[in-house]
Amino acid sequence: MDLFYQHYKDCESLYYEKLNNEFFIRFEHIDEILKDASDERFISEMEPWIDKLKYYGKAGTFALTLLQKRCKNEEISNSELNSLNGMIQYLKENKYRITAEIMNDFLSWVYQILQNK
């Protein structure tokens, strides 16, 4: 992620794809680790964390898409900004802790960049 921070202004940087593939897409499909689990108690205990991690994946992919649009000087609508902000707020209010602060910090960082036209 540190390399992405250094190279995000290069709109065609492979770091966009790399970050998305290594973090966010994996997060979105994290529930696959439970597909062969047979212990219902285990599954029900893990689901809130799995769901939050999946949502981090969705929010991260969306944030990267918006950041790349900004990088290419494409317009970002207020609706898109509001959607990202809503995702950030939802994740902050969700009581399950799964990624320390790295994901919240990343999403907030993107949001700040997008607000500063």
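The analysis underlying the following values was restricted to heavy atoms, covering all of them including side chains, and did not include hydrogens, waters or symmetry mates.
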Task: Any side-chain heavy-atom pair of L114 and L84 under 4.5 Å - done: yes
Task: Straight-line distance of M103 CE to I88 CD1, nearest 0.5 Å - done: 10.5 Å
Task: Contacts of type side-chain contact (heavy atoms from CB on, under 4.5 Å), residue K72, not counting sequence neighbours - done: C11, E12, Q68, E74
Task: Non-hydrogen atoms of S13 and H7 that approach each other most closely - done: CB-O, 3.9 Å
Open item on the list: Does F62 form a side-chain contact (heavy atoms from CB on, under 4.5 Å) with V110? I'd like the steps, not just the answer.
Closed with: CA-CA 10 Å; F62 185 59; V110 171; over 6 Å; no
Task: Nearest-0.5 Å distance that lies between atom CD1 in I76 and atom CD in Q115 - done: 11.0 Å
Open item on the list: Membership question, hydrophobic clusters at under 4.5 Å side-chain separation (ILVMFWY): are I30 and Y96 in the same one?
Closed with: yes
Task: Backbone of K58 reached by a side-chain donor or acceptor of T61 within 3.5 Å - done: no
Task: Interatomic distance, D105 atom CG to Y5 atom OH [nearest 0.5 angstrom] - done: 6.5 Å
Task: Hydrophobic cluster identity match, L64 and M1, side-chain contacts under 4.5 Å - done: yes
TODO: Output yes when a side-chain donor or acceptor of N85 lies under 3.5 Å from a complementary backbone atom of L81, and no otherwise.
DONE: no
TODO: Identify, with sequence neighbours excluded, every residue that meets side-chain contact (heavy atoms from CB on, under 4.5 Å) alongside E22.
DONE: K18
Open item on the list: If I compare all heavy atoms of C71 with all of K9, which pair ends up nearest, and what's the gap?
Closed with: SG-O, 3.2 Å
Task: Salt-bridge contact E75-K69 (side-chain N to carboxylate O under 4.0 Å) - done: no
Open item on the list: If hydrophobic clusters are built from ILVMFWY residues whose side chains come within less than 4.5 Å, do W49 and I102 share one?
Closed with: yes
Task: Point-to-point distance, once rounded to the nearest 0.5 Å, from CG of L19 to CD1 of I25 - done: 10.0 Å
Open item on the list: What I'd like to find out is whether the side chain of F4 reaches to under 4.5 Å of the side chain of L67, using heavy atoms alone.
Closed with: yes
TODO: Tell me whether Y90 is reachable from I50 by hopping between hydrophobic residues (I, L, V, M, F, W, Y) whose side-chain heavy atoms are closer than 4.5 Å.
DONE: yes
Open item on the list: With rounding to the nearest 0.5 angstrom, report the CD1 to CZ distance, I43 to R41.
Closed with: 12.0 Å
Task: Residue from Y56, F106, Y55 passing ring-ring contact (aromatic ring centres under 6.0 Å, His included) with F24 - done: F106
TODO: Can you see which heavy atom on L107 is nearest to which on A59, and at what distance?
DONE: CD2-O, 3.7 Å
- [ ] Sequence neighbours left out, what pairs pass salt bridge (Lys or Arg N to Asp or Glu O under 4.0 Å) with at least one residue falling in residues 42-55?
- [x] D31-K54
TODO: Report the residues that fulfil side-chain contact (heavy atoms from CB on, under 4.5 Å) with F42, sequence neighbours left out, ordered by chain and then residue number.
DONE: L34, A37, D39, M46
- [ ] Could I get the full list of ring pair (Phe, Tyr, Trp, His ring centres under 6.0 Å) partners for Y8, not counting sequence neighbours?
- [x] W109
Task: Pairs satisfying salt bridge (Lys or Arg N to Asp or Glu O under 4.0 Å), at least one member in residues 86-103, at least two apart - done: R97-E101
